[in-house]
Amino acid sequence: MNSKLQNITILGATGSIGTSTLNVLRLHLDKYKIYAVSGKSQITKLFDICKEFNPIFAVVLDITSQEKLQNLITNYNAENNNSNEKITTKILFGNDALCQIAMDKNVDVVMAALVGAAGLQPTLAAAEVGKKILLANKEVLVMAGELFMQTVRKHKAILLPVDSEHNAIFQSLPKGFKCGFDDLENIDNNKIENGIKQILLTASGGPFLHKDIHDLQNVSVEQACNHPNWKMGKKVSIDSATMMNKCLEIIEAFWLFGINDLLKNDDSYEQILAKITNYIKVIIHPQSVVHSGVQYVDGSVIMQLSQPNMQVPISYCLSYPNRFASDIDFLDFFKYNNLQFIQPNTQKFPCIKLAYEALAIRNFAGNILNAANEISINYFINKQIKFTEIYTINSQVLNYYKQNANILNQQFTNNTSDDNLQNLESILNADKWARSKAEEFIQILN
Ligand code: NAD
Ligand code: MG
């Protein structure tokens with residue numbers, strides 16, 4: 001193996017981010033070796049990836065998928081006499097195998113591109129051994145922001161945000177800002193006032209930006225997945241349509257950029273709400289050309305622009321702190337003579353507000369909101385609830401937690417002290433509770 005090559009594991013190689021990552025990596029195979037990949041059920045796609053890159057490991061969901069992929073590879077090798085072209089990839093399955101390829105001692109970089117809660121344990125495992133983590137899987141931070149960032153710091157992992165908005169904020173922050181180590185008031189921990197006023201988080205507004213509020217309840221899954229600017233996986237597309245995606249991204253920004261350090265232990269719910277609402281400002285920008293940024297106290301605004309294509313932020317993470325080509329068209333400024341910036345309509349898209357509420361409730365609130373959202377999205381996909389009921393369920397579960405937080409926290413932590421509030425076990429307990437609570441509320445709804 002070429003010692004100059006960086007070994008990369010791609011968790012979720014068959015997905016939308018995984019595919020874009022491979023598109024960028026194809027241009028830079030002099031710098032990267034695709035060491036391990038994973039996919040859930042798209043076995044043919046995973047087989048094609050194995051054929052092209054011959055990774056050391058490929059991980060699938062279960063034994064049936066393992067057998068299918070193994071058969072495809074065995075047949076391919078049997079038909080192929082050229083030993084240089086044989087696939088030597090070892091096929092593994094299950095959650096432990098995902099953690100194994102995230103932690104493997106030969107791996108330098110982990111692209112965390114699973115979707116939802118499935119990504120929590122492998123991404124956390126990568127942080128526990130101090131890997132360089134390129135994080136697309138925002139749910140990890142929503143579920144376990146405190147634990148994950150503590151783990152990053154403790155094991156000196158390098159954390160680079162892939163999500164386009166967070167990548168843009170990262171690019172707009174003072175040079176050298178390190179996620180997990182610096183906070184916005186106090187970059188480099190050296191008490192120098194850096195003059196950041198607020199984070200500007202842009203949002204396309206999704207496919208229903210201009211739809212009448214009364215027509216929203218009857219939209220279909222297909223309409224919700226039909227994003228005007230981005231081609232993405234199903235879950236994140238629906239999140240964009242409800243604007244729950246922006247809610248998750250506010251929480252993601254809160255943890256990535258050390259905004260939690262602005263809060264004091266005795267801050268009230270209202271004080272936290274006010275601080276975070278001031279610090280993270282959401283701006284609707286339907287063209288998705290300006291990808292977020294930072295406002296400084298002198299009135300300067302630094303934002304990052306590009307075509308709406310995830311290969312740009314992925315490329316930045318892969319080449320950081322340098323830059324290399326991402327294989328997309330450069331921005332044609334004269335095509336965009338009408339860039340718009342609009343105030344979000346939180347009456348029409350109430351999910352945005354749930355982020356501030358969850359952060360102000362603290363403890364397991366983000367985690368609970370994420371779990372409720374995964375359940376309500378599944379019910380919406382299966383046509384068992386209406387589009388607007390995603391918000392209803394999410395807010396009901398969050399509110400129930402708010403009203404009963406003391407007793408539920410004890411239940412999640414098995415009555416241990418507050419110090420242990422955020423360990424993996426308590427996080428998984430809270431996640432499980434919120435999923436069944438969401439189902440309970442859905443039954444009542446029907
Ligand atoms: P996707 O659905 O296209 O891909 C998800 C990947 O995870 C696939 O490889 C799938 O096989 C795998 N997977 C899904 N469930 C699994 C499970 N239970 N166990 C093991 N593997 C599983 O999703 P995506 O659009 O690529 O998004 C990935 C993450 O990146 C999400 O958290 C999303 O919010 C975030 N993100 C995506 C985009 C985008 O443009 N697609 C942009 C910003 C952030
Ligand atoms: Mg985003």
Side-chain angles (χ1 to χ4, degrees), residues 9-23 36-46 48-49 58-62 65-66 69 92-99 101-102 111-123 133-143 160-170 201-206 225 227 229-253 256 282 285 288 290-292 304 306-314 317 328 370 373-374 377-378 381 431:
T9 282
I10 307 173
L11 300 169
T14 54
S16 160
I17 294 287
T19 304
S20 296
T21 304
L22 289 170
N23 288 344
V37 293
S38 90
K40 185 180 167 190
S41 46
Q42 290 169 290
I43 300 307
T44 322
K45 204 162 177 184
L46 207 50
D48 288 339
I49 293 172
V59 177
V60 292
L61 189 68
D62 52 22
S65 307
Q66 185 199 31
L69 183 56
L92 309 170
F93 70 91
N95 194 44
D96 288 351
L98 286 175
C99 294
I101 61 168
M111 165 57 82
L114 294 174
V115 60
L120 177 62
Q121 289 181 62
T123 312
I133 302 169
L134 319 187
L135 185 69
N137 190 183
K138 63 192 84 175
E139 293 89 349
V140 169
L141 284 170
V142 180
M143 289 181 78
L160 300 172
V162 171
D163 208 349
S164 57
E165 295 81 356
H166 303 73
N167 190 274
I169 294 162
F170 185 65
L201 188 66
T202 58
S204 69
C225 287
H227 197 282
N229 308 334
W230 301 94
K231 223 57 251 78
M232 310 182 283
K234 207 169 195 173
K235 194 231 168 209
V236 60
S237 298
I238 296 173
D239 279 336
S240 297
T242 56
M243 291 204 72
M244 192 63 201
N245 185 46
K246 217 41 57 182
C247 164
L248 302 178
E249 290 187 353
I250 291 168
I251 302 176
E252 184 184 13
L256 275 177
V282 175
H285 167 55
S288 300
V290 177
H291 299 294
S292 296
Q304 182 258 359
S306 76
Q307 297 272 8
N309 187 317
M310 288 307 293
Q311 288 184 204
V312 179
I314 290 169
C317 290
I328 68 141
N370 177 67
N373 185 51
E374 289 192 24
I377 285 188
N378 280 343
I381 290 174
D431 173 83

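Both ligands and their constituent atoms are indexed starting at 1 by order of listing.
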May I ask you to decide if [Y]'s main-chain N or O and [X]'s side chain share a donor-acceptor pair within less than 3.5 Å?
X      : Y      : value
Lys45  : Thr14  : yes
His285 : Val290 : yes
Lys246 : Ser204 : no
Glu374 : Ala117 : yes

Can you tell me which portion of [X] lies within the under-4.0 Å heavy-atom range of ligand 1? Options are side chain, backbone, both, or neither.
X      : result
Ile17  : both
Leu248 : neither
Ala113 : backbone
Lys40  : both
Gln42  : neither

Gap between atom CH2 of Trp230 and atom OG of Ser16 - 0.5 Å precision = 10.0 Å

CD1 of Ile251 to CG of Leu141: how many Å apart, nearest 0.5 Å?
-> 10.0 Å

Could you list the atoms of ligand 1 found under 4.0 angstrom from a heavy atom of Leu114?
-> 7 (O), 12 (C), 21 (N), 22 (C), 28 (C), 29 (C), 31 (C), 32 (O)

For Asp163, the atoms of ligand 1 under 4.0 Å from one of its heavy atoms are 43 (C), 44 (C)

From Ala118, Ser65, Ser16 - option closest to atom 3 (O) of ligand 1 by heavy atom = Ser16

Which protein atoms of type N, O or S are found under 2.8 Å from the Mg ion (ligand 2)?
-> Asp163 OD1, Glu165 OE1, Glu249 OE2

Considering only the protein, which heavy-atom contact is closest to atom 35 (C) of ligand 1, and what is its distance?
-> Ala136 O, 3.2 Å

